[in-house]
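Worksheet for the structure shown next.
Scope of the values below: all heavy atoms of this structure, side chains included, with no hydrogens, waters or symmetry mates. Everything numeric here is computed off the predicted structure, so don't read it as measured data. Chain A is the first sequence line, chain B the second, and so forth, proteins listed ahead of strands; every chain is numbered from 1.
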Amino acid sequence: MTDNNGKAKIIFIGTADFGLPAFKALIKDGDFEIVLVITQPDKPIGRKQIVTSSPIKIAAEKNDLIILQPEHIIDIKEKISLLKPDLIFVAAYAQLIPEEILNLPKYGCLNLHASLLPKYRGSAIIQAAILNNDEQTGLTIIKMDKGLDTGPILAQTVVSIGKEDTAGTLYDKLSAASPDFTITTIKKYLAGKITPATQNSSQANYAKELTKSDGLINWSKPAINLERFIRAMNPWPIAWTWWKGKQVKIISAQSQPIEINSYKPGKTFKYNSGLAVQCGQNALIIKSLQLEGKSALLSEDFLRGHEDFIGNMLG
RNA sequence: CGCGGGGUAGAGCAGUUGGCAGCUCGCCAGGCCCAUAACCUGGAGGUCGCCGGUUCAAAUCCGGCCCCCGCAA
């Protein structure tokens with residue numbers, strides 16, 4: 001039971017699809033045996049409130065793995081203990097794991113985190129990297145301690161941020177980089193080849209969880225900042241503004257060094273047959289947008305049916 | 001039964017006191033011009049989401065269904 005044919009006994013804990021590639025890699029790798037998968041309970045999702053399983057649960061079912069979905073992970077402490085896991089690996093679980101559980105596995109708990117710690121602890125870390133105009137971000141695997149993303153660092157890998165990257169595309173890049181990174185790091189760690197390095201907490205900062213209202217655009221900010229903001233808010237919560245009492249999502253936009261002094265921030269106007277909005281400094285060319293109740297449209301399509309959009313104040 | 005918006009020409013929209021179906025753009029043809037994404041003229045293209053009902057007459061009123069979307073979760 002202890003030495004399971006030389007395979008390390010791993011408990012995988014995760015919910016969102018961010019951890020999926022790493023999860024699948026762990027399943028396939030012959031050096032590991034996933035003895036348990038822990039994921040969030042099925043929840044009603046979407047307009048129809050259909051009860052849906054997490055991506056991790058669906059993948060676990062396909063591989064006939066044992067799954068637990070406790071409301072609070074502490075409730076299954078005994079079960080975890082009985083399995084005598086070598087390692088617990090956590091990726092995008094969306095629940096804090098108490099210290100009592102962190103200490104159960106022989107080699108502790110590792111966490112896959114989507115930033116270069118100690119920069120950006122917390123939730124909206126991918127968005128934070130774009131908002132702050134970072135040229136690169138990456139993945140970090142830490143050995144978890146009782147704090148939030150404060151444990152010592154085992155390894156990091158860098159992913160560059162492109163000028164066109166949204167939180168969504170960056171999320172995909174990071175997710176795609178995770179399988180090799182995860183497998184390599186775990187193997188080195190279990191072989192005793194890694195010495196965890198304490199984080200320099202003086203350089204740490206937290207990226208708080210975003211809500212829908214965080215997507216509201218403040219047009220008095222410079223266009224260049226708003227362009228980043230719009231990329232960071234995509235695909236969720238999506239940057240949005242008000243127009244005639246209705247919400248309008250700004251899906252994508254590009255800052256342009258044009259400024260019309262008589263226009264106040266939030267004023268819409270035509271620019272080379274395109275749609276532009278005056279910002280605090282310079283203007284944004286809106287490439288695609290979505291009116292509430294309608295589907296997302298390129299601005300040229302949108303304007304065909306909403307000529308009165310031009311010359312209005314947004315916000 | 002969580003709240004709400006919407007399905008009309010290839011695209012985006014207008015059109016509900018019921019009365020031959022419209023606008024902008026695109027497309028095709030022709031014209032103007034040194035030339036053009038500009039301009040002018042002409043043209044093609046629609047079972048008005050589906051089914052049923054009321055009516056002399058339904059995109060429009062009534063009933064049922066399907067699909068898309070915003071909010072909330």
Side-chain angles (χ1 to χ4, degrees), chain A residues 14-20 38-58 67 69-73 75 92-96 122-127 166-169 171 207-219 226 229-254 256-258 260 266-277 283-315:
Chain A
T15 302
D17 55 10
F18 181 77
L20 205 52
I38 300 172
T39 189
Q40 293 279 355
D42 294 1
K43 285 177 182 169
I45 277 234
R47 228 179 332 259
K48 298 286 182 187
Q49 293 293 287
I50 296 167
V51 176
T52 310
S53 302
S54 75
I56 295 295
K57 180 182 177 183
I58 292 166
I67 302 162
Q69 301 175 272
E71 201 65 48
H72 303 290
I73 195 167
D75 298 340
Y93 178 49
Q95 195 179 124
L96 205 62
S123 327
I125 52 183
I126 296 176
Q127 292 90 334
T166 63
T169 60
Y171 184 97
K208 71 175 170 74
E209 195 169 358
L210 294 174
T211 66
K212 195 76 192 176
S213 59
D214 289 317
L216 180 61
I217 295 172
N218 177 355
W219 293 107
L226 288 178
F229 178 77
I230 288 161
R231 285 191 284 119
M233 293 301 115
N234 185 316
W236 198 91
I238 289 283
W240 58 277
T241 187
W242 292 106
W243 174 56
K244 291 186 175 176
K246 291 183 175 179
Q247 289 187 33
V248 184
K249 293 179 167 184
I250 307 298
I251 312 288
S252 79
Q254 194 171 40
Q256 221 22 250
I258 45 174
I260 299 173
K267 175 94 171 179
T268 56
F269 60 99
K270 258 199 158 173
Y271 179 73
N272 287 349
S273 81
L275 171 61
V277 183
L284 271 184
I285 306 293
I286 307 298
K287 289 192 272 190
S288 62
L289 68 171
Q290 179 175 21
L291 185 60
E292 68 176 64
K294 297 296 202 172
S295 41
L297 297 173
L298 293 175
S299 56
E300 57 189 85
D301 291 333
F302 179 84
L303 286 179
R304 248 172 244 136
H306 301 93
E307 290 180 359
D308 55 337
F309 193 79
I310 298 291
N312 275 268
M313 287 296 294
L314 300 179

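B/U60 makes up no base pair with any nucleotide shown, lacking Watson-Crick or G-U wobble contacts both under 3.5 Å. Pairing for B/G45 is absent, with no Watson-Crick or G-U wobble pair whose two atom distances lie under 3.5 Å. Across all strands shown, B/C3 is found opposite B/G70 as a Watson-Crick or G-U wobble partner, with both distances under 3.5 Å. For B/C20, there is no paired nucleotide, since no Watson-Crick or G-U wobble pair has both relevant distances below 3.5 Å.
Nearest heavy atom pair, residue A/Tyr271 against residue A/Ala276, reads CB-CB, 3.9 Å.
Evaluation of the side chain to side chain contact (heavy atoms under 4.5 Å, CB included) rule for A/Trp236 yields A/Leu210 as partners, not counting sequence neighbours. Taking the side chain to side chain contact (heavy atoms under 4.5 Å, CB included) definition, one finds that A/Ala296 meets it with A/Ile251, A/Gln290, sequence neighbours left out.
Residue pairs that meet the salt bridge (Lys or Arg N to Asp or Glu O under 4.0 Å) test with at least one member in residues 230-245 of chain A, sequence neighbours left out, are A/Glu227-A/Arg231, A/Lys244-A/Asp308. For the side chain to side chain donor-acceptor pair (under 3.5 Å) condition, the pairs that include at least one residue of residues 293-304 of chain A, sequence neighbours left out, are A/Asp301-A/Arg304.
Using a 4.0 Å cut-off on heavy atoms, the residues of residues 307-315 of chain A that approach RNA chain B are A/Glu307, listed by number. A heavy atom lying under 4.0 Å from RNA chain B marks none of the residues of residues 229-248 of chain A.
To the nearest angstrom, P of B/C69 lies 15 Å from CD of A/Glu292.
Distance from the side chain of A/Gln290 is smallest for B/C69 among the nucleotides B/C69, B/C71, B/G12. The listed nucleotides are B/C13, B/U24, B/C71; the one nearest the side chain of A/Lys249 is B/C71.
A/Lys43 comes within 4.0 angstrom of nothing in the nucleic acid, heavy atoms only.
Heavy atoms from other residues, nucleotides or ligands lying under 6.0 Å from NZ of A/Lys212 number more than 12.
Proximity of a side-chain donor or acceptor of A/Gln256 to a complementary backbone N or O of A/Leu284 within less than 3.5 Å is not detected.
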